[in-house]
Amino acid sequence: MKDATTAVGKKKEDSTKNHNSNNDDNDNTGCAVAVSTRHSFVAMAGVTSAELVVPLVDGATFAETSAEDAAWCGSRITFSWVGGIIHEGYRRERRRARQSESPQTGPLALTDKDLLQLRGDDMAESLSEKAQQALSEEQREERPSLVRVLRRAFGGPFMFAAAFKFIYDSLQMAGPYILKAILHFLDHCDGSTPSQCTLEEGMSYVALMLLSAAVQTMVLHQYFHRCFRTGMRFNVACISLVYNKSLRVDGASKSKDSKQRTSGEIVNLMAVDSQRLQDFAPQLHPLWSSPYQIIITLIFLHWVVGWATLAGLSVMLVQIPAVAVVARRIRLAQRKLMTIKDERIKLTNEAFGSIRLLKMYGWEDSFETRLDGVREMELKQLRKYQILNIISSAMWATAPILTALATFAVYCWLYKELTASTAFTAVALFNVLRFPLTMFPQAITTVVEAKVAIRRLEDFLCAPEIPGRSQAASKGFAVEVRDAELAWPNGSPLLSKANFSVPAPVEGQQTAHMTVVLGAVGAGKSGLLQALIGDLSPVSGIVSTAGQIAYTSQVSWIRNASVRDNIIFNSTFHEDRYKAVVKACCLLPDLEALPNGDMTEIGEKGVNLSGGQKQRISLARAVYSQADLMLLDDPLSAVDSHVAKKLLKMFKGPLLSRSSIVLCTHHLQAVHSADQIILLSRSGASKQNGADANDVSLDLEAESLSSSAESADKQSTQPVPKIAFCGTLADFQNAFPKLVAKRGDGETASFERQTSDEPASSEAKSTEAGKLVQKEEEQIGSVPTEVYGAYINAAGGTCVGVAVVFGVLCGQGLQSVAAAWLSFWSDHNTPKSVPHITSLVGLLGYGGLSITAFTGIFLTSALFRMTALKAARSFHRQLLANLLRLPMTFFDTTPLGRVLNRFSKDIYTIDEVLVNNLYSYLQVSSVVVCTIIVISVATPWFLVIIFPLLLLYRATQNFYIPASRQLKRIESNLRSPIFSHFSETLDGTALIRAYGQQDIFISESLFRVSRSMRAYYSNMSSNRWLAVRLESFGAAITFCAGTLAVLGRNSISAGVAGLSISYALSVTQALNWVVRMAADRETNIVSVERVREYLRLDPEPPHHQTTDPSPQTWPREGAIEFKEVYLRYRPDLPYVLSGLNLSIRGREKIGICGRTGAGKSSVLNVLLRLVEAGSGNVFLDGLDIKNLGLHCLRHSLTIIPQDPILFSGSLRFNLDPVGEASDASLWQSLQRSHLSDHVSTLDNGHGDRGLESVVQEQGKNFSLGQRQQMCLARALLRSNVVLLLDEATSAVDRDTDNLIQETIRSEFASHTVLCIAHRISTIMHSDRVCVLDAGKVVELASPQDLMKDASSHFAKLAKLDAMA
């Protein structure tokens, strides 16, 4: 799909063609409302509508008219309007079959371009608008109800469907009534002359039966179509509500009436809970229709068997309390199951979102064990849930049997004689009764599941929200902060009594007003910016802003889109402005190095970019926006010193002359460009313009270093940060002379490749070359037999499969024998009959056979469901194990949403849906087989008719399944982009809110949801097309059975005819269900196929080799040698290392530097074997690392990565996921990393302190600098002989950087250290420095020797760094 956010060179249309249709709701305002809402929001934010491009819908996709709207009445009744897509699917299947004989042109299966168009009122935009409007009205209530929201928005058409259901349920009584008339007619024929038993009379009954079946078919599927459409609407509405809420929800809220919201829980709300509401819609009407069917069936039974009906009614009433108890247990089990599922998805999201770190540390096994433990808890709960469902189903399945036995027993006792017309009319009514008794518990279960889902959704939708920008600043000010007390969402104090202001830009100003905010790690700089964008509300005082805001977060947020799309960020593309921004942000050399320039696709979270590139693209986004107020959270942290100097020059240049800037940074260089300087400090006293210069307590360096003197077990409370200084540069120089370095006036040398000042031409580069994320593979054709074989083997093997099939056939066969016995009994229950069957013998025979049949089916069902859990365990375990062992190239080109889709929707299908589909398919197939056998035995001439009907039936099934199967595959694939976009949104909610682009992202989400719903709508409508035709075949079978009975009226007994016709009446529904279950089986087994697709991917090299050396003896010295190493990340990309030769002595300290794209990080990637070298060798202590197991290699190395990552769980787990370190070792590592004081004061309010303190998802309750210190603690804990530093201190201030570097020099004095750094001062203490350019070593010597040569690359870089 073309990225909906792309806006290159032209503006997309803001409106789309409305759909004029005869819809149930007659609401065609979806797109228009979305546009008007967006315009109103933009107007409030102070942005002109021309500046934003809203990716509402693709006009080419949604401008066409829905086929359903264009269909005439007859086509709607028969669903012929769906035939086109089914025929196309069959035609392409035939084309694929001929592919082996001769090459065929055109697609070989349906694609997303062939999907049926949604009706106007089913468009996601329209449904979202209705749901939001209904929710707004409902929020006036004290306790908002999602049920009332959905009823208010979509209740009309859904209630209209009830009329169709009522007609169908009433007409179901016509079949048994006509059957009684036919049997009475045949019984009359046995004792009358032929003239009194005419053919016309008999055929009139048969014709009435056919007409009744036809009308039932018409109304039933109009009912189903509306119910499934309503389910689709529920799903879309809930996805929309959850997505919209996620842009406003306070994820870190920990108030008494709320809880922390994890991404795993929110993803589950969209993937599972919304799906349950979609499944719930068709099951809602049976809650009233089932009791209605039961009541009218009992009334007809009373007409047939008299007061004996009371006996059957008594049996049913006795069962109801027991069923209610089981239903309540099911609800509790379901709620607990969903809680565990949330935890599993959250941990899965964390593991695969941080897969690079897991591989660097060799932690895959630890996280696999952790996830397997949660999965076992889930399966244990799922087993309880399935057992309860089996008990519930069994209780309802016995109801018809026990009801029939009680009724026949009392009838024989009251009326003595049981005639064929009475017996088989009663059996037909019992068969009618069987369906509501079966559907009612299923409906209750579905409603119970839906109730749990609704409660979870309601809790989320009622969760506290981000306060947002409360009020506009006074005229002339961009920021006003007056007496503001700030606190984190969990109540921890953030900033005390803050007072400052930032002037608004004025017309004609030449340079931007820049406010620089300084402070040590954890001083509250990021929190202050969060308050300014409205994500934190002040406890007291006022925090106000004015105008349009641009914001860059400390952790850069990069979208899975092109570089250009990331920069323009849904704004109109202005080429001149764009070129100026790219040049000013020093991105020209980077764009030249990318395969497709600025049109190169960037992977999720910027996986194919360096930290500096991500930071500069994020900054370019803010600059391009030309916002009135720019809030920049340390954008200089990950860039080289000379680049930082250029960026600071840009801040005061003409490009930002219409803005006011608030810059949080550790770079003291920035103060020279500042108009106002704010210093945040945890010290007690505050300094204003007349500060005492001798007060060294406010010296940042002293403040940073003070923590090293504290002991690990000291319990101290840190003071609340406050503004220690606020004034001009001159005042700051007077107050803190030690902190202000002298500014150099000399020209700076440039260590850059000579490049043009203009961006590389996009036209000169290949579009495909810049493509990173490939389209998800889509299988075509029938699901291979091996997929079914894999499922059977995972469930227990062939023996289990045979046992299940045999059990189902035996159970159904015994039911048929019981019906045959009833026929024989009714024909031989009079004293004159030979043989004479007494009532007692008849009842014992019928009851014994029925109970035996039920027992067999019940045990088979239990066996199948329990073994299916074994398959569910096996597939999840294999999927998890294999994905954790795939190479990094897979994760660089695969969106996280695709992976989560496998672990959420596909695993859910395997766990709960597929088992029901497969068992139902076996059961209804056995019903059809037994029905045909019974009818054929009763009326042998039926065989002549049945074979042509079965051939036609089979042809219809073959015609239908290719389209149905492919539609399900398309639907599964189109669901992944929804989750990918959602996960991306969750990571960037703060930026989206700051830029005021909520409505744009909502529109893009709805666009993706609409595409997915088109696949579901096409699949659902094709099911109705099939059902109408299959039920027509069933009506034809019933008509043939009745006709043969009437034609043989003088030779066939009423008992045999009753057996034949009663079974024929039931075959209509059975035929419908067998193909529906066949289609559902094909579509849901696709989940197994999709899981196995990832199981077939080639894993990375083995984690362990038999030749691996002992970790106690290797490596000892840490000597590393690179010999002619060539590396590229994909075959279509250029080499990033080109013949690298580098020899590092044991225990040597090597600093690696070079411009962006020189190959610095690639050196570490090769050493860790995250990417396998194309050629060449790397030796570690004399051993070629390609011959080692990956874990042997990675466990022997320690890395402190550029992006510090923490996981949800305890602090102990974050330090030592393997669980091998003692408490003393953990505390010692925290003390040596200067983090022990902070950890010792942690208390989450639940009694968890110190090492057991809770770390929130992504470490949100730690600052970025503290997270980096945590990574240092991990390294100290491992203490391997080789330490790798990948720009490890980019997120901390210079003094904390010096502190960490001093720790590394002292603690790793006897280790080999490879340090990649953008601050040259970081590597000045190295033994040698390696300067890279274009993947080769251009300089290698001690820093002192290189500094002696003023023309060396290193000397130039050092000069630039000194000026910083």
Side-chain angles (χ1 to χ4, degrees), residues 264-265 268-269 271-273 275-276 279-280 283 319-348 370-398 438 440-456 459 791 794-796 800 804 807 855 857-877 880 903-920 1084 1087:
E265 178 184 356
N268 253 359
L269 291 174
V272 179
D273 292 292
Q275 180 67 38
R276 289 196 187 280
D279 299 337
F280 155 75
Q283 299 287 347
Q319 286 187 309
I320 290 176
V323 171
V325 172
V326 173
R328 185 166 58 251
R329 296 290 299 274
I330 289 175
R331 183 177 66 253
L332 297 175
Q334 172 68 11
R335 186 176 301 168
K336 188 173 181 180
L337 178 63
M338 289 305 301
T339 301
I340 301 173
K341 196 184 294 288
D342 285 342
E343 179 69 13
R344 176 175 64 83
I345 296 298
K346 181 193 74 174
L347 295 179
T348 302
R370 188 186 187 194
L371 277 165
D372 273 340
V374 178
R375 175 63 173 170
E376 285 303 313
M377 292 171 56
E378 181 184 9
L379 289 174
K380 183 178 179 181
Q381 186 62 28
L382 183 59
R383 183 181 295 107
K384 294 179 181 177
Y385 177 67
Q386 292 284 29
I387 289 173
L388 289 170
N389 277 326
I390 292 170
I391 294 173
S392 176
S393 299
M395 294 173 71
W396 286 105
T398 56
T438 302
F440 195 58
Q442 291 182 13
I444 290 177
T445 301
T446 304
V447 169
V448 166
E449 294 173 351
K451 187 175 181 181
V452 173
I454 287 170
R455 182 59 182 269
R456 285 160 48 84
D459 289 343
Y791 185 82
V800 172
V804 170
T855 303
I857 292 175
F858 171 75
L859 294 177
T860 303
S861 173
L863 170 66
F864 186 70
R865 290 177 185 274
M866 293 300 104
T867 55
L869 288 177
K870 185 178 179 182
R873 173 186 289 108
S874 174
F875 281 118
H876 181 274
R877 184 168 291 171
L880 177 63
F903 280 101
S904 55
K905 186 64 173 68
D906 289 318
I907 290 297
Y908 162 70
T909 299
I910 294 172
D911 284 353
E912 301 184 45
V913 179
L914 185 59
V915 55
N916 292 328
N917 288 152
L918 290 176
Y919 186 75
S920 297
N1084 287 308
S1087 291

Across all chains, not counting sequence neighbours, the ring-ring contact (aromatic ring centres under 6.0 Å, His included) partners of F903 are F352, H876

So do the side chains of Q334 and M338 get within less than 4.5 Å of each other, counting heavy atoms only?
-> yes

Test item: side-chain donor near acceptor, Q275 and D279, under 3.5 Å | yes

Close side-chain approach of R375 to L880, heavy-atom, < 4.5 Å | no

State, yes or no, whether a side-chain contact exists between R456 and D342 at a heavy-atom distance under 4.5 Å.
-> yes

Nearest 0.5 Å, what's the CE-CD1 distance between M377 and I340?
-> 4.5 Å

At what distance, to the nearest 0.5 angstrom, does CG of L918 lie from OH of Y791?
-> 5.5 Å

Kindly indicate, with the supporting measurements, whether the criterion side-chain contact (heavy atoms from CB on, under 4.5 Å) is fulfilled by K870 and V800.
-> CA-CA 12 Å; K870 185 178 179 182; V800 172; over 6 Å; no

Heavy atoms only: give me the nearest I330-N389 pair and the separation to one decimal.
-> CD1-OD1, 3.5 Å

Looking only at heavy atoms, what is the nearest atom pair of V804 and T860, with distance?
-> O-CG2, 3.3 Å

Quick one: CD on E912 to CG on L869, what's the gap to the nearest 0.5 Å?
-> 9.5 Å

Spacing of L382 atom CG and I387 atom CD1 [to the nearest 0.5 Å] = 10.0 Å

For E343, the side chain to side chain donor-acceptor pair (under 3.5 Å) test, sequence neighbours excluded, returns K346

Can you name the closest pair of heavy atoms from E378 and L337 and give their distance?
-> O-CD1, 3.5 Å

E376 with R383: basic N within carboxylate O range, under 4.0 Å | no

Qualifying residues under side chain to side chain donor-acceptor pair (under 3.5 Å), relative to Q283, sequence neighbours excluded | none

T867: side chain to side chain donor-acceptor pair (under 3.5 Å) partners, not counting sequence neighbours = none

Hey, is the main chain of K905 close enough, under 3.5 Å, to the side chain of T909 for a donor-acceptor pair?
-> yes

Quick one: list whatever passes side-chain contact (heavy atoms from CB on, under 4.5 Å) with A453, sequence neighbours left out.
-> D273, R276

How far apart are the closest heavy atoms of A872 and I910, and which atoms are they?
-> CA-CG2, 4.0 Å

R329, CZ atom: more than 12 neighbouring heavy atoms under 6.0 Å | no

Between I857 and Y919, does a side-chain contact (heavy atoms from CB on, under 4.5 Å) hold up when you go through it step by step?
-> CA-CA 10 Å; I857 292 175; Y919 186 75; 3.3 Å; yes

For A868 and V915, which heavy atoms make the closest approach, and how far apart are they?
-> CB-CG2, 3.6 Å

Which distance, rounded to the nearest 0.5 Å, do you find between the OG1 of T348 and the CZ of R370?
-> 10.5 Å

Out of curiosity, D911 CG to Q386 CD, how far, rounded to the nearest 0.5 Å?
-> 8.5 Å

For D906, enumerate each residue passing the side chain to side chain donor-acceptor pair (under 3.5 Å) test, keeping only those at least two apart in sequence or located in another chain.
-> S1087, R1090

Note: V326 and L388 closest approach over all heavy atoms is CG1-O, 3.6 Å

